Structures are given as structure tokens and as C-alpha cells.
Amino acid sequence: MENINAKYVSQKISKTRWCPVSYSSLQQPEVFATGSWDNEDNKVSIWSIGNHNNSGLEDGFEGDPQILCEHKHGGDVLDLQFLDQERMVSASSTGAVTIFRYHPNTHTISVLQHWARAHSYPCDNAPCTALVCSSPEIVTVGEDGRIVVFRADQEGAVRVIGEMRTRMLPPHKESSLKLSVVFVRECRQQHNSRGDLPKDHGGFDGDRAPLHCVDRHPNQQHIVATGGQDGMLCVWDVRQGGTPISLMEAHSAEMWEVRFHPTNPDHLFTCSEDGSLLHWETASHSEMPSFLQGGRNSSVISHGALTPAGGNRPLSSAWLCGDSGKGCLETTHMLPSQTMSVNSLDIIGQCLVCGTDGEAIFVNRHVPV
Amino acid sequence: MNGRICLNLFKLNFTVFDIFLIWLLKLRVESSVTPRYLNLDTIFSSRKHMGFAWGQGNIFVYETLFKATGSGSPFIHEVRKDEDIYSPILRKLFNESHHIFVGLQTIREDLPSKNKKPQFVSISKNYRSVIRACMEELQQVAVSTKNAEMSVQYGNQVSILLAIELIWNLCEVLFIDAAPAGSLLLHLLDWVRLHKADVDEKARDVLQSDSPAEHRDYWDVVVSYVLQGRLDEARQMLGKKATLTPAANNIFKMMDNLLSKMPFYNPGGTQTLTEFDVKWRHWHEEVDRCLQDNSFASNQHLEVLCKILLGDEDTLLEHKDLLGTWYHFLVSRLLFCHPTVKPTELHYYAQSCMTMFLDSRSAPEPLDSILLAAFEFDIHQVIKDCSIALNNWWFVAHLTDLLDHCKLLQSHNLHFGSNLREFLLLEYASGLFTHHSLWQLAVDYFDHCLEFGRVYLELQIERVPLDTERKALKVLRICEQRQMSEQVRSICKIMAMRALRNNRLGSALSWSIRAKDAAFATLISERFLQDYCAKGTFSDLDLIDNLGPAMLLSDRLTFLGKYREFHKLYGEKRFKEAAKLLLSLMTAKIAPRSFWMTLLTDALPLLEQKEVIFSADQTYELMFCLEELTSSLNTPSSDSDKSMQEEDVELTKVELLRLALSRNLAMAIVKEGTVET
């Protein structure tokens, strides 16, 4: 916790995203973007944790985020994704989708493309709730229950996939699975849309909590983690469908974001309305003595899981072992006691950034992964 | 108008009037700071008739007796209550202090108060450091901004924060830490040093010059150091002069000796207060001897220093410009005259120092009287004066809360509301709630107001605009955590209505299920059924299929779920089960009468199947249902204005049904008869 750097920014943060770095360069990320919500004037801002002036300092307060530039944003920023290193896409509560371009040399932001009513009702705004990008395609979902596909270089929508509730969804591009959508039924539709889950899988065993976030395992694409309104973390194997492989009590309120570590997927991060940010670690390195693992965890809570511990079977993925029991999974609180909701998190390498309703950004540059 | 308000309030309650006055005064302070707003003074003095409309955190003021003189239309003035919450930098103060506030509330009640004191002091220090951080940022912005008006505004905010921090620090020393005699003075010295930091700047200038000892501010710095009791630094400074003037080396050495020997009380040590007092008196006599035998007569500066060390009031007062304030004078005087001052004696010295220091002509400023009240240990006066003088509720609310936790406000009860702490917290939190973004912070403040917090929250939370589902979920979570079922229902209903308006039936249904709103669920189920009748297909199948126990929320919803189940069975060609379900929907009166015709029509294809699905008994029941329906339909239809064509369709349907039923009955009887034999 001593590595955590807090910065109060006078705006409630709804999304935080690292600017992607090229993996070949083995660099730690330095620049991240934030989006605000519930302000009179909402903004998209670019921050840097690099040390421009005081290059001599190695540790200490080196990582204090400095604002580089900001741009006005109509409506709440409900989602924010980087398309590539210079372009990012935002989803607005007005239903608009905007591509911003960040100029690293001049530290300015400009609007590249703006779809004003990407999501809308005939006589009302429909907030655009989430988006995923896979350059050049952008897929968005909105409260109007539609999926819209845009291309960064084209004016109009490429495709509108009507009401999500109709079963006629064509097989969709893979990334749509990552769309965080509001309700289970919608999310399930997405599974269906890929043909991954059998059509009649008899519901979710009475577990009907709406989902708020989805992330898929970076290497093993069939493993999906979801978090919902009840704060439960579910890990699914989409090949098996039906019921989640493991179900863990993670938070006491809505889970807003779940993230596998992009390069070390044994680690998973979740944040929630209850104001906590959790670091989950599957102990797949069982040869490592436990005292080496336990040392750095200040507070460890492990919750029971559905199935009892299954011993030391050799496993393809620790997440699918089905026993998230006490020996297998360790969780660590990443933030000092917080009361305000943590709305978003992002992690690249050892750097983690998250934003809260308490108008603070937390940056941790030394996440033990 | 002014008079009338006051009269009414006098009738109500005197203390209410008191608080109301504070309110008005606060309004005035703000309105005079920002020219956008009306200065109530002018209105009150111009004898106009005025009306008020109270709002959330603001009031509308308008003239009730307006004569159209052609000079324009009447104005409605908006007077805002707490202008500070709109400052982006002060928002950091609110957010950070919220965190500290919540931490303070979780300190356990049952700990012995001895263990809690260090915690309270550290919390108080946390609050102050947040104020300081905010102040520094404001100062930077005030310097860097090019807009002169804004710069002045930032400057004002800095000076307000400075005053707040000064008062808070003093309250921390006197009330929270409650230092006993001896260490009290040390704390007061720290307090003065922290708020009279210009000495350090001056000292830096002097030291950075080519010859510090010749600098024109040299003696000012030395004297300032001595006045603040920073004797080691004063000795170092003196050393620079001594090396330059070897002739006077002797008397410099003597002064250095006196300074180094001055005793300071060490609260952690073994020395008792009496021992310290004896030691101090010895030192004092030694200084006095030096002055009496004119040892420093050759150097007037050193002689002045010597007089200061003796606590000579006239000499101290000659350095008014270095002292700056009367409370600095007070602390310096205590340092050199009464180092073992008891807290109870403070008010006497404070009063006399203030009258000595201030000109008799100039009246004390609000800050002076607040500090004086603090020295008199009159906590309520401090809070009251701060409420009047400062332009925000932040300070009084947090300070009062902290003092209340220290059990210092026990005896005081207001004639209205709960107690002072709660009253101030509620005011502050209500102010936050009027802000479009800070309302979330206010929730925790309301939570910790035991008596009226919940009522306030209930009233305020309903007025948060719900732009997106995510915001609605956040508000909903707040209500659900506090079991505010009425508000939960109202929020869900708003969201359900919105979804319904945009024809998103599934979304509307899930909102009303979350609210457990049976009436609304019935309404939406009705819409689903209507849609089905019109289009022949269901929307939001996955939701309806997975209703589970939520299905029991309302009869109509149960019917919807069961009816959908029938379709599913039918689709899976499980005809027997489907037929049984269909019949039970009618016989168990789950289906509304208006829907029976549709159900019977749905039975048609089952009746027309090659194999017998409905048994004879079941067919009788179906026939009974049909007859019941037609008899009830026929009676009112005589005078209804249904079109002939529609009636025709109905009649044909009934005919078809009767035919199918009788054929099925025949087949069933034959089949059942065959099986029996």
C-alpha cells in the first residue's frame, strides 16, 4: 500500500485507461487517460506519471500524476478505450461516440470523429454504456439495447444489430464478448451470439444478478471473468456454458470492472462500488514455498467457493481448477480503507491506475505481479 | 419585510432566530463577495416589499410590490447559500476531509478516553494538513492566474483558509490536546511559529546576502527569533555579528550564555513543574542582574534583547511590527513572564494582551474575538462566531464534530433539532447535496446524524436527477444499503417508466421486479400480453424464461411466465403437458378473463392434432370455459358498438372452437372407451 499514490482531481472519475505501450519496448506505461462523470462539464483528460523535471528521484513521489491536457466531453464518460497509441474512443451518456486524438508532442487533444446519436430512442437520449475497439472497428452498446459497429474511418455506422433481445444475432466478431452490458440476459445473448453456449442452458441457477463487467483471459480465450450487481466474481468456461466454473464473493456492492493482467493472467483485478480494489492471485506456482508468497500480502481474505479443494491436479489454467478454495487463491486489498466507489481500473505491466467517486486517482507503479 | 420575518421568528423561538440571523449574514457575506448576487443590504434598507421562496441550498428573492414604471421587468434574485462548493480547488478539501470524517466516526466508543486522545489529535492534524495543502494550491493558482479578478478571489479564499487553520490549530491545542501547564506554552509557541512564517523568509534573505551581519533586517530577524522562543537560531545569528566585532565579543558571549541557559519545560522528562519553575526563576534573576548592572549598556540591540528576555511589556510592545498580532504578543509575553501558565489563567492574559496591543480606537475584528473566545475556553462562542464570520459550513461542521467526539459539547442542547453537531453537519451536507457532483459525499454525513440524518437523506436522495442507468444504480445502492424501501421503489419506478416510454419492456420489467412493485409489474405484464396479441411473438424471451421466484410478484406476471412456459412446451412438442398447463391457467383463474379467448384459440391446434391430447374430462372443462366466456360476452354485446366484422370473426372463432371441441370429445370418448375394454 505504500506504493499507492493518490491524487485528488476535482472530478468524479468514471474511467481510467493506460495509453498502450508497444510490448517490444518493454516499457512501463507513463501516460493514462481519464474520463469524468456527473459533473456540470465533463472532461476527458490525459495524465502523465513520467518524471519530466526531476529525473534524479528514483522513488518517493516520482509518480505523482501531472495533467498534460484535457478536452470537454458532452455528457458523462461511460466508457473509454484506446484505439491505438494516439487515438481513444469515448462513450457518452448522451448516446454519442467520439474518437479523440492525442498529440503527444504538443500535448493537445482534438476530436477526430463524432457520432452524435449513436444510441438513441426516437424522442430521447439513450446512453452509450460500453464499447470495445479492435482497430479500426469500434463496437458499442447502449441502453437502447442495440449493438452498433463503427469503423474509425467511416462516417456512418457499419452495422446496427437491432434489439438485443431478438435471438437472430448473427455470429459476431470476438470482441463483442467483452462488451460490458447491463443485464445478464443481454450478456447471455452475447454468448449465444458467438454460438459458444448451448442455446438452452437453463438459466443461471437462480443467480440473476445483472452483470456490469466482463473480461476474457488474454491467452485462453474460453475463460471469461464477470462481475455483477451482487459483487460476485464469476469465472466461466464458455465451452461448457450453463454455470460458472467458480463463484467468489468479492465485493459487497456492484463490481464495476474486472481485469485479467494482460501479460500475467494468473493475476486478476476487480474494483467495486463498495470502495475496494482487489488483487486476485491464483497460486499456480505451487513449487514456491508459501512463506514467500504470503509475505507481501498485508491482508488476505479468501472466500469459500462452490466446490471443495481438489488437490494438486496439473491444470491448464488455475482459473478453471474449480477450487478457488483457501490454498489456491489469494486476494489482497490494494487501497487503503476507502468509502467511495472505485469506478474503473487498468493495469499494464506493474502499473495500475484506478479512479473513484471520491474524486481521486490512485496510481501504483509497483504491483507485485 | 425584514421586521416581519423577525417578529414571526420571535414568536417561534429565540434560538431559531439566532440561527436564522447567521443564515442571513452568511448570505450577505457571499453576495457581497460575488457581484453576480444581490446584496441583501440594499434591499433591506430600501424599504421594498420582498418575498422569499426557499429552495435546496438557495433562495429566490423578489419584490412583491412592484410598480411597472416602464424601467424594466421585476427581478427574481437567486441567493446561493454556500458558494464555496463550486470552487474546484476547495472540492479537494471536501473530498479529502470526507475521508477523514468517515475515519473519525469509526473510532470505537468504548475505548477509554485516555487512549483516544492521541487519535483525535492526529485526526485534527490530518484535517489541518488538508487545509494547508489546499491553501498552497490556491496560493499557486492565485499567483499564476492572469485574471486579476480571479486572483483576488483566490487570495480571499487563501486568507479564509489561513484564518480557519489558525483557529483550528488553537482549538486543537486548547480543547483537543488540552495541554496542561508547562507543555501548554510549548504548544502555543509552535502555533505562533507556524503562523508567523515570514521570519524564515526574512532570515533566508539575510543569510543569502554578502554580509549577513550588516543586513538591515539583521536585528529584526534576531529579535523575531527570540520573540518566538527560537533561541538556538537566534544564537547562531548573533554568532555572525560577534565574529565581526571582536571588541564587543564579551557582551555577545554573555548574551549567548543567557540565551543558552534559558530553561524550557520538557513534558517527557522527569522534571516536575515546580522544579522547572525554580530553575526558570533563577535564570530570570540572572537576566535581571545583567540588566541592572548595565552589562549591555554599550550595545542597545543587546539591551533590547535582554529586556525582552525579562518580559518587559513596553519593550515587547515597541516591536509591534515584528509581533504582528496580539496573540503573538500574548505568547511571547507568556514565554518570558509566565512560562508555567495554566489553561484556566489564559483568558486573563489574553484579554489584557488584546487590549494592550490593539488601539483603543479600532474595534477587534471577528478573528480576534474568535481567538479570544477560544482562550476563554468558550467553545460555543467560537463556533457561533465562526458560523457568522466564515462563508462556509465546512469548518464549523467538521470542528464541531471533532469536538463532539472529544466529549466537549455535552452540556449544550439546542431548542430545536437534535444538537449543535448534528445541526451543523446537516447544514453542511445539505449544501453538498445541492451540488450536482458532490452529493455523494453528503450521504456519509447524513449517515452519522443519528436523529434527523435519515429524514434529510430520504428527502434529498429522491431529488437526485437520474441521467443514466449507472447513476440510478449508484443511488439505488445507497438506498438499499439503508433499507429505504420507499425511495428504492420510487427510483425503480422512474427508471421503469422511462424504459416503458421508450418501449423497452424487458428493462422496465426488471426494474419493477427489483423494486418488488407488484402494481407496475402487472401493468408491464399486461403490455407484454398486448404485444403478444398484436404481434404473435414475445419480446425479451430470455427474461421471461428466467423469472424464477420473481414470477410470483404479481398475478399477471405469474400468468405471463406460465403462458410463456406453455409456448415453450408446445414448441418442444410436449403437447400433453402443454395442454394440461393451458387448461389449468383457466380453471385456476390465473389467466384474466379477457385473455381466455386467446387461450382457447391456442388450444385449437392441440384439439386438431391426430392423436387425442385433451382427455374427455379436460374437454368438458374446456367447453365449460368456453360457455362461461360466451355467456358473459353475449350479455353486454347487445348494446356495444363493435363492428359487424369483428363480431363475425368472434362468432366464427366460437363456432370453430365448438366444432373442434365436440370432435375432440368424440375422439376422446372413443379412445378412452377403447382403452378400458
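The shown structure was predicted, so the numbers you read here are calculated from the model rather than taken from an experiment. In what follows, every chain begins at residue 1, and chains take the letters A, B, ... in the order their sequences are listed.
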Is it true that, when you exclude A/K7 itself, more than 12 heavy atoms of the residues, nucleotides or ligands shown sit nearer than 6.0 Å to its NZ? yes
So, the part of B/H436 with a heavy atom under 4.5 Å from chain A: the answer is both
Keeping B/Q440 on the side-chain end and A/D357 on the backbone end, is there a donor-acceptor pair under 3.5 Å?
no
With sequence neighbours left out, the residues meeting side-chain contact (heavy atoms from CB on, under 4.5 Å) with B/A142 are B/Y154
Q) Would you say B/R470 and A/L78 make side-chain contact, with heavy atoms under 4.5 Å? A) yes
Sorted by chain and number, sequence neighbours left out, salt bridge (Lys or Arg N to Asp or Glu O under 4.0 Å) with B/K573 holds for none
Cut-off 4.5 Å, heavy atoms of chain B, and the answer for A/E254 is both
Residues A/P127 and B/T468: closest non-hydrogen pair is CG-CG2, 3.8 Å
One should read off an interatomic distance between A/T339 OG1 and B/L441 CG, to the nearest 0.5 angstrom, of 8.0 Å
Is A/Y121 close to B/R504 at the side-chain level, that is, under 4.5 Å between some pair of heavy atoms?
yes
To the nearest 0.5 Å, atom CD of A/E273 lies from atom CZ of B/R477 at 7.5 Å
Can B/K92 and A/E359 be counted as an ion pair, charged N to O under 4.0 angstrom? no
Rounded to the nearest 0.5 Å, the SG atom of A/C123 sits from the CG atom of B/N502 at a distance of 6.0 Å
The reported gap from CH2 in A/W256 to CG in B/L473 (rounded to nearest 0.5 angstrom) is 5.0 Å
For A/E143 and B/E469 the tightest heavy-atom approach is OE2-N, 2.8 Å
Using 4.0 Å as the upper bound for N to carboxylate O, is an ion pair formed by B/K471 and A/D76? no
d(B/N95 CG, A/T356 OG1) to nearest 0.5 Å is 7.5 Å
OG (B/S437) and CG (A/D41) are apart, to the nearest 0.5 Å, by 11.0 Å
If one checks every heavy atom of A/N343 against chain B at 4.5 Å, the contacting part turns out to be side chain
Discussion item. Are A/Y8 and B/E137 packed together at the side-chain level, in the sense that at least one heavy-atom pair is separated by less than 4.5 angstrom?
Written reply: no
In short, A/S341 meets B/K474 closest at the heavy-atom pair OG-NZ, 3.1 Å
Honestly, the part of A/S252 sitting under 4.5 Å from a heavy atom of chain B is backbone
